[in-house]
Amino acid sequence: PITQALQVVTLIAETAAILALPFPRLRIPLGLLLCGFYVGVLTTFPYGFIFNLLLTAAYYFPLEDWLLRRFPARTAS
């Protein structure tokens, strides 16, 4: 069943999350898996996991790089 497959994927993602420290290339895929888990939790249960989702996204995604590309730093003239 689909629920059992989702449980297996969630356990693999949560266990593999520590690998993002020595292997930075894994951050985005693991971040997507973990954020997907939190979105599923937030849509299913009325728990306050929104901050877990935001902190997970802030750590696993290169937000600073994305923001600097989108909004380049201005220089004083």
Side-chain angles (χ1 to χ4, degrees):
I2 187 78
T3 54
Q4 190 173 15
L6 288 173
Q7 288 176 348
V8 169
V9 171
T10 300
L11 288 174
I12 291 171
E14 288 179 336
T15 304
I18 193 70
L19 294 175
L21 291 172
F23 303 107
R25 288 185 176 192
L26 293 177
R27 280 192 179 174
I28 292 177
L30 289 172
L32 287 172
L33 288 170
L34 293 173
C35 286
F37 165 71
Y38 283 122
V39 167
V41 168
L42 289 170
T43 57
T44 308
F45 302 109
Y47 298 143
F49 279 166
I50 187 70
F51 293 110
N52 295 34
L53 173 63
L54 294 175
L55 290 173
T56 299
Y59 177 75
Y60 282 94
F61 300 137
L63 297 178
E64 184 178 0
D65 294 340
W66 291 346
L67 290 174
L68 287 176
R69 252 187 262 140
R70 177 69 174 103
F71 304 105
R74 297 184 192 179
T75 58
S77 52

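These numbers were taken from a predicted model, which means no experiment stands behind them. Side chains are part of it too, since the values below use all heavy atoms of this structure and drop only hydrogens, waters and symmetry mates.
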Student: Give a yes or no on whether Leu42 and Val39 share a hydrophobic cluster (residues Ile, Leu, Val, Met, Phe, Trp, Tyr; joining criterion: side-chain heavy atoms under 4.5 Å apart).
Tutor: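 Per the 4.5 Å side-chain linkage, Leu42 and Val39 are co-clustered.
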Student: If you take all heavy atoms of Pro29 and Leu26, which pair is closest and at what distance?
Tutor: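 Scanning both residues, the minimum pair turns out to be CD-O, 3.4 Å.
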Student: So which atom in Thr56 and which in Cys35 form the shortest heavy-atom distance, rounded to 0.1 Å?
Tutor: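 So the two residues come closest at CG2-SG, 4.1 Å.
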Student: Determine, using the 4.5 Å side-chain heavy-atom cutoff (strictly less than), whether Leu30 and Leu11 are members of one ILVMFWY cluster.
Tutor: no
Student: Heavy atoms only: give me the nearest Ala13-Leu33 pair and the separation to one decimal.
Tutor: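 Looks like CB-CB, 3.7 Å.
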Student: Should the heavy atoms of other residues, nucleotides or ligands under 6.0 Å from CZ of Phe23 be counted, would the total exceed 12?
Tutor: no
Student: Say you draw a straight line from CD1 of Ile50 to CG of Leu55; how long is it, rounded to the nearest 0.5 Å?
Tutor: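 Here the rounded value is 10.5 Å.
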Student: Would you give the length of the straight line joining atom OG1 of Thr10 to atom CZ of Phe37, rounded to the nearest 0.5 angstrom?
Tutor: 6.0 Å
Student: Please find the pair of heavy atoms, one from Tyr60 and one from Gly31, that lie closest to each other, and give the distance.
Tutor: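 Minimum heavy-atom separation between Tyr60 and Gly31: CB-CA, 3.5 Å.
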Student: Do Leu63 and Leu32 sit in the same hydrophobic cluster, where Ile, Leu, Val, Met, Phe, Trp and Tyr count as joined when their side-chain heavy atoms come under 4.5 Å apart?
Tutor: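 Yes, one cluster joins them.
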Student: Please name the pair of heavy atoms, one in Ile18 and one in Thr15, separated by the smallest distance, quoted to 0.1 Å.
Tutor: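 Smallest heavy-atom distance, with atoms named: CG2-O, 3.7 Å.
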Student: To the nearest 0.5 angstrom, please state how far the CZ atom of Phe51 sits from the OH atom of Tyr38.
Tutor: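 Result: 13.5 Å between the selected atoms.
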Student: Grouping I, L, V, M, F, W and Y whenever their side-chain heavy atoms are under 4.5 Å apart, do Phe45 and Leu53 come out in a common cluster?
Tutor: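 Result: yes, single cluster for both.
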Student: Taking all non-hydrogen atoms of both residues into account, name the closest pair between Ala17 and Leu34 and its distance.
Tutor: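 Reported closest heavy-atom pair: CB-CD1, 3.9 Å.
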Student: Let me check something: do Leu54 and Phe49 share a hydrophobic cluster, defined by ILVMFWY side-chain heavy atoms less than 4.5 Å apart, either directly or through other members?
Tutor: yes
Student: Taking the six-membered ring of Phe61 as reference, does the cationic atom of Arg27 (NZ for Lys, CZ for Arg) lie under 6.0 Å from its centre and within 45° of its axis?
Tutor: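 Arg27 over Phe61 ring: no.
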Student: Which residues satisfy the ring pair (Phe, Tyr, Trp, His ring centres under 6.0 Å) test with Phe71, sequence neighbours excluded?
Tutor: none
